[in-house]
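Take a look at the structure set out below.
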Amino acid sequence: MRVHLLGVSYRTAGIDLRDRLAVVPRGLDHAVGVLRRRCPGAEAVVLSTCNRTELYLAGRAGDPLAGVDARGVLAEVCKVTPGDLGDAMLHRVDGQAVSHVFRVACGLDSMILGEREVLGQLRRAYEAAVERRSAGPVLHRVFQQAIRVAKRARTETGIDEGRVSIGSIAVDFARQIFERFDDKTVLGIGAGPAAKLTLRHMQALGPARVWVTNRSADRAGALASRLGLSAGGGGARPIGELDALITEADIVLTSTGAPRAILSVERVQPLLKKRRGRPLFIVDTAVPRDVDPRVGGLKNVYLYNIDDLQRVAAETHGQRQGQAARCETMLSDAVKTCMMHLENHDVGQVVHALRRRLHALGLAEQRRTGRKLTSLHDIGLADEIERLLGEHTHRLINKVLHVPLARLQARDGDAPVGLYLEALRELFELEDVASEGESVAAEEMIDDAAAPTVQPVVTLDPKQTTATSPKRVPAVAGVKVNK
Amino acid sequence: MSMLLTLAEIDPVTTVVLAVLCAASLGACLIGMGKHKKNGPMGVGLTGGQRWLVMVCLAGGAVLYAYRVIWVHQAVAPLGAHVDGLLLVAAGLSAAVLYAHRRERVPGFGGFALPVLVVVLAWALCAGSFTFYRYQAGTLWQAGHLAAVYLGTVFFVVSGVAGGMYLYAQRGLRAGRGQVRGGPVASLELLERVMVRGAGLGLVLLTVGLVVGFVTAWGAEARVGPGWWRSAEIVLGVSVWLTFALLVGVQRVGSLRGGRAAWLSLVGVALLFVTFGTATVATRMGQTQSSGHAVDNAGVSIHHDVGGDAPGDLGGGAH
């Protein structure tokens with residue numbers, strides 16, 4: 001069994017390269033097709049987000065990338081040339097690959113530590129693989145475990161608590177002041193990218209009206225269009241109406257490039273009387289500031305500037321850092337457990353295949369020998385011969401398997417179990433017998449081989465035995481003789 | 001004037017049960033404080049243990065109240081003593097805490113209300129033993145006055161708790177503490193609404209209680225003496241009414257919105273408790289609510305104190 005991770009992330013590649021390598025949803029079929037062609041029989045999951053494009057490949061009966069150029073596979077999936085990848089490609093194998101999935105799911109590998117979105121993205125990538133039947137038992141287990149552990153880690157450590165983006169922090173402040181937003185008015189002063197970003201966050205709250213104003217009416221209008229503001233629910237207003245807008249607004253987001261404050265105490269204080277004490281929430285993300293800091297001291301005015309928002313983001317980040325260590329410990333244990341289950345499953349599959357192969361061989365030899373003994377059939381000993389040969393074959397195979405399977409079961413920390421399995425597969429030409437519903441516990445199969453079990457009794461007529469008294473044979477898997 | 005405390009009037013069952021309820025509420029409070037210390041502000045809902053303890057306070061208070069009506073007073077009057085009124089307030093507050101938790105409407109309400117519940121139950125414990133006195137609410141008017149006053153108190157207390165939460169949340173927001181571990185308390189807008197609505201409901205009940213009280217006292221002026229309307233309890237009672245009336249109108253009076261409204265609610269609750277306390281002290285001193293005419297009841301047991309004949313004050317009929 002082998003698990004590979006191939007890909008790029010924000011840690012290794014800039015935004016331009018990540019843009020080129022991104023696999024969009026409608027490109028998934030092409031990606032899966034390439035992987036099936038280049039790595040036949042391999043399991044695959046493709047994860048592509050704004051921060052990473054990663055291929056997870058697994059092979060139950062060998063290395064899915066054996067004899068295959070990993071770089072070439074990644075390049076072909078992402079529709080670029082191998083040279084375009086440069087030094088940005090990540091390649092992780094087995095435990096490291098599994099550990100990476102778990103860390104991604106928990107948000108430990110994200111640009112914003114502990115972010116929540118990546119878990120949903122990972123889940124969707126896994127579901128897309130299930131839909132296309134490109135995921136198999138190995139990746140089923142890895143991804144299901146990763147999602148489970150990520151949920152537990154988030155619940156127990158709180159690594160995703162709090163907000164870290166400016167827009168979402170502003171929304172959180174708004175929620176602490178206002179209970180409902182469907183009767184509120186939001187005013188955006190300024191039409192730059194920062195204003196747009198914060199306005200979008202506020203728009204998500206569903207306010208009754210969103211007004212945009214700017215020194216340039218055209219830019220205000222353009223921003224209003226981009227935000228989809230209609231006449232009834234808001235739109236662009238001329239900067240000359242700023243006082244009336246502030247009187248009407250409950251939330252003011254300001255982010256202009258003005259060299260001096262546009263909202264002074266002298267301007268705002270008279271407007272508060274007209275507002276009849278309604279609370280006013282102002283977010284000033286401009287530098288230099290658009291709002292005089294003394295405005296924040298006025299009654300029922302709550303003013304936050306970029307420093308306040310970034311301080312909250314830093315505090316949240318600090319809290320998350322504190323929880324990351326706990327998360328890492330949880331993940332480490334989870335990865336070990338996952339790898340152990342995968343190896344056990346692998347062991348179980350190989351043992352099952354080995355037993356089938358050897359029993360098939362034994363049965364074939366038994367029949368061959370039985371045909372040679374046809375002369376004895378004439379004297380009515382055919383059944384007895386059949387039985388004895390069956391016992392003999394079964395005992396022989398059990399004894400042959402006893403030591404190797406016991407070694408596999410020992411799980412000595414230094415034992416190269418993977419190597420043993422690979423060798424068994426190779427030497428005995430074992431087929432990949434795993435199917436979706438078939439899973440036999442490794443312990444059960446190994447114990448079965450090491451300690452022969454008693455099976456239903458076949459009673460023989462003592463008169464048909466040989467002249468010597470029948471010896472009590474050890475209970476073997478097959479037959480028990482009654483005296 | 002001497003005050004004869006009739007020990008026979010103190011019901012031991014009431015004392016024991018109130019002690020248990022007090023301990024339960026204190027336990028719930030301490031659990032909340034421990035959670036606050038560990039996790040941050042008490043914005044999250046009640047823990048399982050807290051919920052059970054508050055349910056004990058609610059059920060215990062209700063059962064004790066019924067017991068007192070049926071066995072102790074053996075009378076139709078539902079409020080036979082100040083302790084009964086306080087039991088009503090405690091049960092009402094417990095119900096409010098559980099309701100807020102269940103509906104998840106006012107995060108943090110339980111954390112702020114539980115200390116108040118402890119105070120009310122401790123006061124009830126005192127009122128049921130050390131400072132016990134019985135109302136002489138023999139008429140429907142008197143009973144109605146008491147019931148309206150105590151029920152109104154429940155809503156005023158809820159309003160006051162919301163006011164305390166408002167100031168706490170506002171302080172956090174002013175300090176830029178937007179991201180509060182363990183969850184924030186309810187929004188300022190919601191808290192203001194709870195303050196105003198609580199005050200409004202309490203005001204309706206208090207108005208009924210005061211009107212009934214005035215009507216009754218007016219008719220008994222000969223007994224209570226002239227100038228009863230100038231007594232401490234009446235003045236305080238009206239002050240409470242005015243305070244909460246102002247609170248109800250804050251949304252129309254812009255200058256009173258926000259933190260000032262929160263302080264109004266707290267002042268109103270404080271005045272309310274002072275009024276109850278004044279009524280208790282006045283009764284124990286054998287004074288009527290007539291500040292100008294202290295009726296001398298020397299040598300007479302508390303049952304026969306004038307308080308029993310002079311209903312109409314805010315703290316209860318038997319002062």
Side-chain angles (χ1 to χ4, degrees), chain A residues 158 160-166 168-184 205 247 250-251 271-283 293 296-320 322-323, chain B residues 35 38-44 100 103-109 162-163 165-197 246-264:
Chain A
D160 58 350
E161 272 180 13
R163 310 278 199 160
V164 289
S165 78
I166 299 300
S168 56
I169 291 171
V171 163
D172 276 355
F173 272 116
R175 282 188 196 278
Q176 289 180 61
I177 297 170
F178 304 109
E179 181 65 14
R180 50 187 286 206
F181 293 88
D182 56 355
D183 58 347
K184 300 296 186 294
L205 295 172
T247 305
D250 301 284
I251 300 169
L271 301 177
L272 294 181
K273 288 195 178 110
K274 292 182 191 174
R275 294 172 56 81
R276 299 178 73 180
R278 283 184 297 122
L280 177 62
F281 173 50
I282 306 176
V283 177
L298 296 174
K299 198 162 114 24
N300 290 334
V301 175
Y302 300 93
L303 169 65
Y304 300 96
N305 59 38
I306 189 71
D307 279 355
D308 297 321
L309 302 176
Q310 284 178 344
R311 188 184 67 244
V312 172
E315 278 172 11
T316 305
H317 185 76
Q319 284 165 13
R320 290 186 179 189
Q323 297 303 325
Chain B
K35 193 176 65 178
K38 189 180 164 196
N39 294 329
M42 29 190 170
V44 295
R103 292 294 299 269
E104 295 178 359
R105 285 302 310 264
V106 191
F109 183 81
M165 290 173 69
Y166 189 104
L167 293 174
Y168 173 83
Q170 189 183 52
R171 192 163 144 248
L173 281 165
R174 288 271 185 229
R177 284 201 304 270
Q179 303 301 311
V180 174
R181 272 189 69 211
V185 295
S187 66
L188 296 183
E189 187 179 17
L190 176 62
L191 290 170
E192 189 182 71
R193 203 183 319 148
V194 172
M195 263 194 289
V196 170
R197 286 190 185 169
L246 210 56
L247 181 57
V248 168
V250 287
Q251 287 178 332
R252 290 171 191 78
V253 182
S255 57
L256 287 177
R257 281 188 82 166
R260 285 181 188 169
W263 279 113
L264 263 181

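Just so you know, these numbers use all the heavy atoms, side chains as well, and skip hydrogens, waters and symmetry mates. Chain A is the first sequence line, chain B the second, and so forth, proteins listed ahead of strands; every chain is numbered from 1.
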*Counting only heavy atoms not in B:R260, do more than 12 sit closer than 6.0 Å to its CZ atom?*
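No, the 6.0 Å shell around CZ holds no more than 12 heavy atoms from other groups.
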
*Check whether more than 12 heavy atoms from other residues, nucleotides or ligands sit under 6.0 Å from atom CZ of B:R197, and answer yes or no.*
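Incorrect, the count does not exceed 12.
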
*Answer with side chain, backbone, both or neither: which region of B:R252 has an atom nearer than 4.5 Å to a non-hydrogen atom of chain A?*
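For B:R252, backbone and side chain are both near chain A.
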
Taking every non-hydrogen atom, the tightest pair across [X] and [Y]:
X: B:L173; Y: A:Y304; result: O-OH, 2.6 Å
X: A:R311; Y: B:A175; result: NH2-O, 3.5 Å
X: A:R180; Y: B:E189; result: N-OE1, 3.4 Å
X: A:N300; Y: B:R257; result: ND2-O, 3.7 Å

*asked:* Does any backbone or side-chain atom of A:K184 lie under 4.5 Å from a heavy atom of chain B? Answer side chain, backbone, both or neither.
replied: side chain

*Sort A:R275 into side chain, backbone, both or neither according to what part of it lies under 4.5 angstrom from a heavy atom of chain B.*
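Neither; nothing under 4.5 Å.
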
*Measuring from B:L190:CG to A:Q176:CD, what's the distance to the nearest 0.5 Å?*
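It is 13.0 Å, given to the nearest 0.5 Å.
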
